[in-house]
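Throughout, protein chains are lettered first and strands after them, A, B, ... in sequence-line order, and every chain is numbered starting at 1. Keep in mind that the numbers below use all heavy atoms, side chains included, and drop hydrogens, waters and symmetry copies.
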Amino acid sequence: MEPAEAEFLAEKELVTIVPNFSLDRIHLIGGDLGPFNPGLPVEVPVWLAINLKQRQKCRLIPPEWMDVEKLEEIRDQERKEDTFTPMPSPYYMELTKLLLNYASDNIPKADEIRTLVKDTWDTRIAKLRLSADSFVKQQEAHAKLDNLTLMEINTIGTFLTQALDHMYKLRTNLQPGESAQSQDF
Amino acid sequence: MSEAYFPVGPGLGPEENFLSLDDILMSQEKLPGRAESTLPRLAFALGQGAGAGSGDSIPEGSKLEIPLWLAKGLHDSKRRIISMELPKIYKEAWRTVFSADANVVDLHKMGPYYYGFGSQLLNFDNPENPEIAQTILQTFISRFRRIMDSSQNAYNEDTSALVARLDELERALFRAGQKGLNDFQCWEKGQASQITASSLVQNYGKRKFTDMDG
């Protein structure tokens, strides 16, 4: 899966906006989107929010986790723990990129938030590599990793699965080949 | 997903993949052996030509360097035709080097298909086979960390120094890691949504729109 596909899936997440137009309830295949009244906050999926923002029809309200103190807390906890901490949203990386690219004027301290999220990302990726390395070194059969997000899995996924495939094939070499006989006619 | 062409990968293990280009190149590597019986009229193909006398047949017991595909074909459990020895990199001396520290070895110089070739060698009955298999596995495991780190961290740099000491299998892994990294960076910069020409079309050489007008 590519990063663009993960971003597409992330756009289904709900975010709060304050529209400046009014519209009745709209009925879409995925569900209803509530009546839009100017000045009243309403929850919409990110894809709609970004579209409305680009047409200057709304103002985005950052999600509650996108706040400097909260992100600092998360980052420090990530650095302390050996395991992965649960992230406030399974799509934190994609949402950060989308919201900070299109709506940075609605989000206070956007640059700091970007730095904090990047720090957290780097720490998590480093932990992921460490656990992949110990996984390979000890030739474990399977591993369980909680609280990983899709984007992180994508970045390392192809490499890791290929390496594990090779390792598996080399490991089956250790057994003397009873099953490798060709047929005699 | 966006690749136009998926090459067939090498089959590691006792059987090669018939359609894999890597395996075909790998089986061209030579290994040393001896002729167990006289091989009439083959001196031009196999012999070194020097001590062949009348240049007609290869006498019994002479040393030969045979490519893997030929060695596998001529190898017979009754061992009448040729007998194969291990190339020096799979022998005892080098095995201890690998078990000491596998990261310092230049696997590209030692035969660019260390893992594949080693797996094929297990086809020939040899009392050292379990140790060879174990060494190959341990080498892969110890070099894994370095490949992972270098492939995931080298963005937009010249990577030739990093891949110089890797064999072909490791290079393919390195490229996969780099691709993951590049895709992510490219997405983060926002280039993922820009439309670019497909590599196939660029290769056709027909896209000389601006050149033709000028």
Side-chain angles (χ1 to χ4, degrees), chain A residues 1-8 10 93-94 96-98 100-102 114 117-118 121-122 125-126 128-140 150-182, chain B residues 1-3 9-15 17 114-116 118-123 125 129-149 151-153 169-170 172-194:
Chain A
M1 188 181 270
E2 293 182 4
E5 294 170 8
E7 183 185 283
F8 182 73
M93 199 65 194
E94 297 89 317
T96 313
K97 179 203 168 216
L98 282 171
L100 290 177
N101 275 349
Y102 291 109
R114 208 187 288 256
V117 169
K118 187 91 180 52
W121 166 269
D122 287 336
I125 290 287
L128 185 56
R129 288 208 213 121
L130 201 62
S131 89
D133 183 44
S134 64
F135 180 42
V136 165
K137 276 212 164 61
Q138 292 159 20
Q139 300 181 48
E140 305 269 331
L150 183 60
M151 192 55 97
E152 289 149 2
I153 299 176
N154 273 348
T155 321
I156 202 173
T158 326
F159 175 81
L160 189 61
T161 45
Q162 273 192 22
L164 291 175
D165 276 344
H166 291 317
M167 205 174 81
Y168 170 72
K169 286 198 200 134
L170 289 178
R171 228 183 0 200
T172 51
N173 279 345
L174 289 178
Q175 275 90 25
E178 326 89 0
S179 50
Q181 308 285 355
S182 56
Chain B
M1 284 283 165
S2 56
E3 295 290 323
L12 273 188
E15 293 306 315
N17 253 342
Y114 176 71
Y115 300 102
S119 310
Q120 292 303 313
L121 283 182
L122 302 174
N123 272 329
D125 304 321
N129 272 351
E131 283 95 29
I132 301 177
Q134 187 67 26
T135 310
I136 298 179
L137 180 61
Q138 290 302 327
T139 313
F140 182 75
I141 291 178
S142 21
R143 287 168 73 101
F144 169 77
R145 179 71 202 254
R146 185 168 284 198
I147 305 173
M148 176 165 70
D149 286 342
S151 75
Q152 297 264 309
N153 281 322
L169 183 81
E170 294 168 339
L173 271 184
F174 183 87
R175 280 192 290 267
Q178 278 265 284
K179 181 168 189 307
L181 178 72
N182 283 344
D183 281 350
F184 176 72
Q185 294 293 356
C186 164
W187 169 78
E188 208 173 4
K189 287 194 287 198
Q191 280 173 1
S193 47
Q194 288 175 351

Go through it in stages, so that I can follow the logic: the residues are A/Leu164 and B/Phe144, the test is side chain to side chain contact (heavy atoms under 4.5 Å, CB included), and I'd like the CA-CA distance, side-chain angles, deciding distance and then a yes or no. CA-CA 10 Å; A/Leu164 291 175; B/Phe144 169 77; over 6 Å; no
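- Contact annotation for B/Phe184: both backbone and side-chain heavy atoms come within less than 4.5 Å of a heavy atom of chain A.
- Within a 6.0 Å sphere centred on CZ of A/Arg129, other residues, nucleotides and ligands contribute more than 12 heavy atoms.
- Of the atoms belonging to B/Glu170, not a single heavy atom falls under 4.5 Å from chain A.
- Atom NZ of B/Lys179 sits about 12.0 Å away from atom OG1 of A/Thr155, to the nearest 0.5 Å.
- The NE2 atom of A/His166 lies 13.5 Å from the CD1 atom of B/Ile141; values are rounded to the nearest 0.5 Å.
- For A/Ala132, the parts lying under 4.5 angstrom from a heavy atom of chain B are both the backbone and the side chain.
- A distance-only check finds a donor-acceptor pair linking the side chain of A/Lys97 to the backbone of B/Trp187 [under 3.5 Å].
- In terms of non-hydrogen atom pairs under 4.5 Å with chain B, the most contact-rich of A/Asp165, A/Thr158, A/Asn154, A/Val136 is A/Val136.
- Heavy atoms of B/Ser151 lying under 4.5 Å from chain A belong exclusively to its side chain.
- For A/Met151, the part lying under 4.5 angstrom from a heavy atom of chain B is the side chain only.
- Here the CZ-CD1 distance, from A/Phe159 to B/Ile147, works out to 6.0 Å after rounding to the nearest 0.5 Å.
- In this structure, A/Lys137 NZ and B/Arg145 CZ are separated by 6.5 Å, a value rounded to the nearest 0.5 Å.
- What you find for A/Arg171 and B/Leu137 is that their closest heavy atoms are CG-CD2, 3.6 Å.
- In this structure, chain B has heavy atoms under 4.5 Å from both the backbone and the side chain of A/Glu94.
- Contacts between B/Leu122 and chain A at a heavy-atom distance below 4.5 Å involve the side chain alone, from C-beta outward.
- Distance CG/B/Leu169 to CD/A/Gln162: 9.0 Å, rounded to 0.5 Å.
- Considering only heavy-atom pairs separated by less than 4.5 Å from chain B, the leading option among A/Asp133, A/Asn101, A/Ile156, A/Leu170 is A/Asp133.
- Interatomic distance, CG of A/Leu160 versus CG of B/Leu173, reported as 10.0 Å (0.5 Å rounding).
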